[in-house]
Amino acid sequence: MTTEIKARENGPVLVEGTATYIDAAGQEQTTQGSMFALCRCGASANKPFCDGTHKQIGFEAEAIALTVTKE
Ligand code: FES
């Protein structure tokens with residue numbers, strides 16, 4: 001299995017695929033769709049997901065791309 005992870009310039013970390021996580025209420029959740037965006041600016045009101053706030057606060061960071069392969 002291969003997972004593509006891309007940190008957008010001045011934006012969130014985009015992950016291709018789905019993930020299961022525990023929300024703030026302790027409930028197990030699964031991401032929807034084929035891609036999700038994780039906040040890396042720290043300002044999202046919907047952590048760990050990006051809610052677009054990085055644009056309002058002028059977040060700056062370089063783009064990064066990596067591939068994770070699990071056998
Ligand atoms: S990266 Fe988008 S809200 Fe933080």
Check against side chain to side chain contact (heavy atoms under 4.5 Å, CB included), Glu28 and Thr20 | CA-CA 7 Å; Glu28 186 172 293; Thr20 300; 3.2 Å; yes
Could you pull out all residues at least two apart from Thr53 that satisfy side chain to side chain donor-acceptor pair (under 3.5 Å)?
-> Asp51
Residues that Asn46 engages under side chain to side chain donor-acceptor pair (under 3.5 Å), provided they are two or more places apart =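 In terms of side chain to side chain donor-acceptor pair (under 3.5 Å), with neighbours along the sequence ignored, Asn46 is linked to no residue.
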Please, which pairs that meet ring-ring contact (aromatic ring centres under 6.0 Å, His included) have at least one residue in residues 19-71, sequence neighbours excluded?
->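 Listed once each, the pairs are Tyr21-Phe49.
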Scan the side chains in residues 61-71 for donor-acceptor partners under 3.5 Å anywhere in the protein, sequence neighbours excluded, and list what turns up.
from, atom 1, to, atom 2, distance (Å)
Thr67, OG1, Glu4, OE1, 3.1
Thr67, OG1, Glu4, OE2, 3.4

For Lys47 and Ser44, indicate whether the former's side chain and the latter's backbone hold a donor-acceptor pair under 3.5 Å.
->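 Yes, Lys47 side chain to Ser44 backbone: donor-acceptor pair under 3.5 Å.
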Greater than 12 external heavy atoms within 6.0 Å of Arg40's CZ = yes
Considering residues at least two apart in sequence or located in another chain, which fulfil the side-chain contact (heavy atoms from CB on, under 4.5 Å) criterion with Glu60?
->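 Glu60 satisfies side-chain contact (heavy atoms from CB on, under 4.5 Å) with Asn10 once adjacent residues are dropped.
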Cluster partners of Met35, using ILVMFWY side-chain heavy atoms under 4.5 angstrom, listed by chain and number?
-> Leu14
Any side-chain heavy atom of Pro48 sitting closer than 4.5 Å to one from Leu38?
->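 Sidechains of Leu38 and Pro48: in contact.
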Between Cys41 and Ile57, which heavy-atom pair has the shortest distance, and what is it?
->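 So the two residues come closest at SG-CD1, 3.9 Å.
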